[in-house]
2 protein chains.
Amino acid sequence: MVSIKEVAKHAGVAISTVSKVLNGYPNVSEETKKKVQDAIKELNYIPNSIAAALSSKQFGRIALVLDPNRQTQAIDQIFMQYLVGALDKAKELNVEVVTIFPSMIAGMTAEEITRSFLSQSISGVVIYGMSKEDKVLQKLIREKQFACVVVDAPIVNARTTYISIDQEQAQYDVAKKTVLDDNCKRVLYIAGRRDGYVTEQRLKGMRRLVKDLDLTMMVRQGDFSELTARNVALKYAKNKDVVVCASDLMAIGAMNALIDMDIFRPVCGFDGITLMGYVGKQMNTIRQDFYSISSRAVEEVHQLMNGGEGHQVVMPHSIVKMYYKDIIC
Amino acid sequence: MVSIKEVAKHAGVAISTVSKVLNGYPNVSEETKKKVQDAIKELNYIPNSIAAALSSKQFGRIALVLDPNRQTQAIDQIFMQYLVGALDKAKELNVEVVTIFPSMIAGMTAEEITRSFLSQSISGVVIYGMSKEDKVLQKLIREKQFACVVVDAPIVNARTTYISIDQEQAQYDVAKKTVLDDNCKRVLYIAGRRDGYVTEQRLKGMRRLVKDLDLTMMVRQGDFSELTARNVALKYAKNKDVVVCASDLMAIGAMNALIDMDIFRPVCGFDGITLMGYVGKQMNTIRQDFYSISSRAVEEVHQLMNGGEGHQVVMPHSIVKMYYKDIIC
DNA sequence: CTGTTAGCGCGTTCAA
DNA sequence: TTGAACGCGCTAACAG
């Protein structure tokens, strides 16, 4: 393994000089800089990120904390996009990321997680879809030990940036389109879990829509679960005109319930996952670009780690109609 | 950040003694061991994995290399299971893993990847679903610089372990069951990509079945693509009795083609992904436990890194019938 | 059994 | 502008 020492020898300079060239310090003459760069090329030298991390504390790593509460396949697609988006950006920024799954921090206190992260040279954290009930992560955020970016949880402080689409407006938009298409009046709204931040934001969008269009609405918790949504639909959809769901998975559950009941009602979802296209009916949904969101999240946490200030980032969304034929082609 | 030095001071022993306790060396008296452990607890000390990695070369990290060639959602489920299985086992073994996506090594030569890995303290690699055409990764394996475990690619050498289910037998089993259920004679087999190792193994299973049961078989490439499988089915399924597919995704494509053609043929797939349950017909398929496979892969690579010898590992599989009702409940 | 010492590869003073 | 020297936190000989 070729180290900085050999590069220095090869270029006829000191180790520290090579280090300065590597890290773009200004006080190096063009001449020696070139010598060093040539040596680096010739030896195919790649700096040892481990050693660099150990030596300088500013070179922190980023932890990707994926939400503990999701299990179904539909969500796998979302997580993969989150992951790939984050990893691509991390490569671009030349920072290391550590993927943290629920099992790895289960049962730990905020202090234990803090120490665990510190011991891994982690100084920035991206948290995806944290729930309101997650007191541990919230404490972690509050203590500002790490630069944090929370996706879909509206928390901002000096070291915490919040990134999300406009949940309220998105829910408003997709429901409005669905309602107007069939001139519906009586809405069954299947909401997410009570402990999710997005749940109330989306519900707020629905409330506004109900007021604006003079609709009636029944709200039931669907817990982001396909089965629960199915049961809710079986029970309440019959004397409603439309079923609006706070997630694609619930929309699929509801739609399958309607098919079983042999009645038709327009249904709309939220997310834009591919699975949505496999249910045999076309449905409106919100498309979120999870890749871009995650990529941006890493960018933001990187800024925070370099002295930036926490703030809010609103990402764009769009309404799409999902149908199998459109996916397969 | 509390370091080993403070622990040593607190326990009234030397740094190296603490290190020995940490790494479970035998030559430490019970008494001092206890003192050290108490100090560790009291100070809430967590060892710095970065420093440990830098110091000892044997403490290498493991790279998870995910196959460059897959894009669809169905595969996300598989990859997530691979990932979670690997990360869980890594935590258990107390080794660090680095997730490598295609974009991160695209266009690099084997040498460049080698250097890149070395610079990241990577000494073990798990490769998922490598294709026959991937000369770069194959070279990486051949050079034996890293301990390698390849999932689904039959390559074994001193530093390379091959792990997979018995592809041939699995394909034989699931097709046999499907064929016998409806007493079929004429088989349309939609195979995978030509450059996939599993493709020929599964085809071999089919050839054996055809011989054993005295069937006729038409083989077409489906490229593991839903759309291609759909087109193949549209073209050839009519005067066949059964459609056997080398993946669930292709089975879904074929099934949807049959529905569009308004004819019924039994169809079977391979993988056991949840999406399979959403197509509206029940289908036989092979269930692979991707979590266990990946978990075992990390275990194997860890053994290789500690001086083990490459060998072959065959994981179990089972036949299941996938249907929506079974998934949702 | 325990402590001392020398690095791992690199960033970063501080003299020169 | 450059380089020698120190230290990051830890492991691994070695000496005691």
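Below, chain A is the first sequence line, B the second, and so on; all start at residue 1. Both backbone and side-chain heavy atoms feed into the values below; hydrogens, waters and symmetry mates do not.
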- Message: Taking the minimum atom-to-atom distance to the side chain of A:Asn48, which one of C:dC1, D:dC8, C:dG9 wins?
- Response: C:dG9
- DNA chain C: 5'-proximal contact among B:Glu31 and A:Ile4 (nearest heavy atom):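 Residue closer to the 5' terminus by nearest nucleotide: B:Glu31.
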- Query: When you match B:Thr17 and B:Ala51 each to their closest nucleotide on DNA chain C, which lands nearer the 5' end?
  - Reply: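 Counting from the 5' end, the first nearest nucleotide belongs to B:Thr17.
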Please report, rounded to the nearest Å, how far the [atom2] atom of [N] is from the [atom1] atom of [X].
X	N	atom1	atom2	answer
B:Leu118	C:dG9	CG	C1'	14 Å
B:Lys33	C:dT2	NZ	P	11 Å
B:Glu30	C:dT2	CD	P	10 Å
B:Asn27	D:dC14	CG	P	14 Å
B:Lys5	D:dT11	NZ	C1'	16 Å
B:Lys9	D:dG9	NZ	P	12 Å
B:Gln120	C:dC10	CD	C1'	16 Å
B:Leu54	D:dC8	CG	P	13 Å

- Query: Under a 4.5 Å cut-off applied to non-hydrogen side-chain atoms, are A:Arg159 and A:Cys148 in contact?
  - Reply: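 Side chain of A:Arg159 against side chain of A:Cys148, heavy atoms only: no contact under 4.5 Å found.
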- Can you find a pair of side-chain heavy atoms, one from A:Asp38 and one from A:His10, that are under 4.5 Å apart?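 Contact flag for A:Asp38/A:His10 side chains = no.
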- Task: Name the nucleic acid region contacted by B:Val13, choosing base, sugar-phosphate or nothing; use a 4.0 angstrom heavy-atom cut-off, strictly under.
- Result: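 Sugar-phosphate, backbone atoms only, no base.
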- Message: Contact list please: residues 19-26 of chain B against DNA chain C, heavy atoms, distance less than 4.0 Å, in numerical order.
- Response: B:Lys20
- Return yes if a side-chain donor-acceptor contact under 3.5 Å exists between A:Ser116 and A:Ser119, otherwise no. no
- If a pair satisfies ring-ring contact (aromatic ring centres under 6.0 Å, His included) and one of its residues is in residues 96-126 of chain B, list it, with sequence neighbours excluded. B:Phe117-B:Phe146
- Item | Pairing residues for B:Lys135 by the salt bridge (Lys or Arg N to Asp or Glu O under 4.0 Å) criterion, not counting sequence neighbours | none
- Query: Which of these, A:Ile141, A:Asp152, A:Val151, sits in a side-chain contact (heavy atoms from CB on, under 4.5 Å) with A:Met130?
  - Reply: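 Looking at A:Ile141, A:Asp152, A:Val151, the match for A:Met130 under the side-chain contact (heavy atoms from CB on, under 4.5 Å) is A:Ile141.
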- Taking only residues two or more places apart in sequence, or in another chain, which ones meet B:Lys139 in a side chain to side chain donor-acceptor pair (under 3.5 Å)? B:Glu111
- Contact list for residues 308-317 of chain B, test side-chain hydrogen bond (donor to acceptor under 3.5 Å, both in side chains), sequence neighbours left out: B:Asp173-B:His317, B:Glu300-B:His311
- Message: Minimum heavy-atom separation for B:Ala86 and B:Leu64, please, with both atom names.
- Response: CB-CD2, 3.7 Å
Are any protein N/O atoms closer than 3.5 Å to N/O atoms in nucleotides 5-7 of chain C? If there are, list each pair with its distance.
from  : atom 1 : to      : atom 2 : distance (Å)
C:dG7 : N2     : B:Ser55 : OG     : 3.0

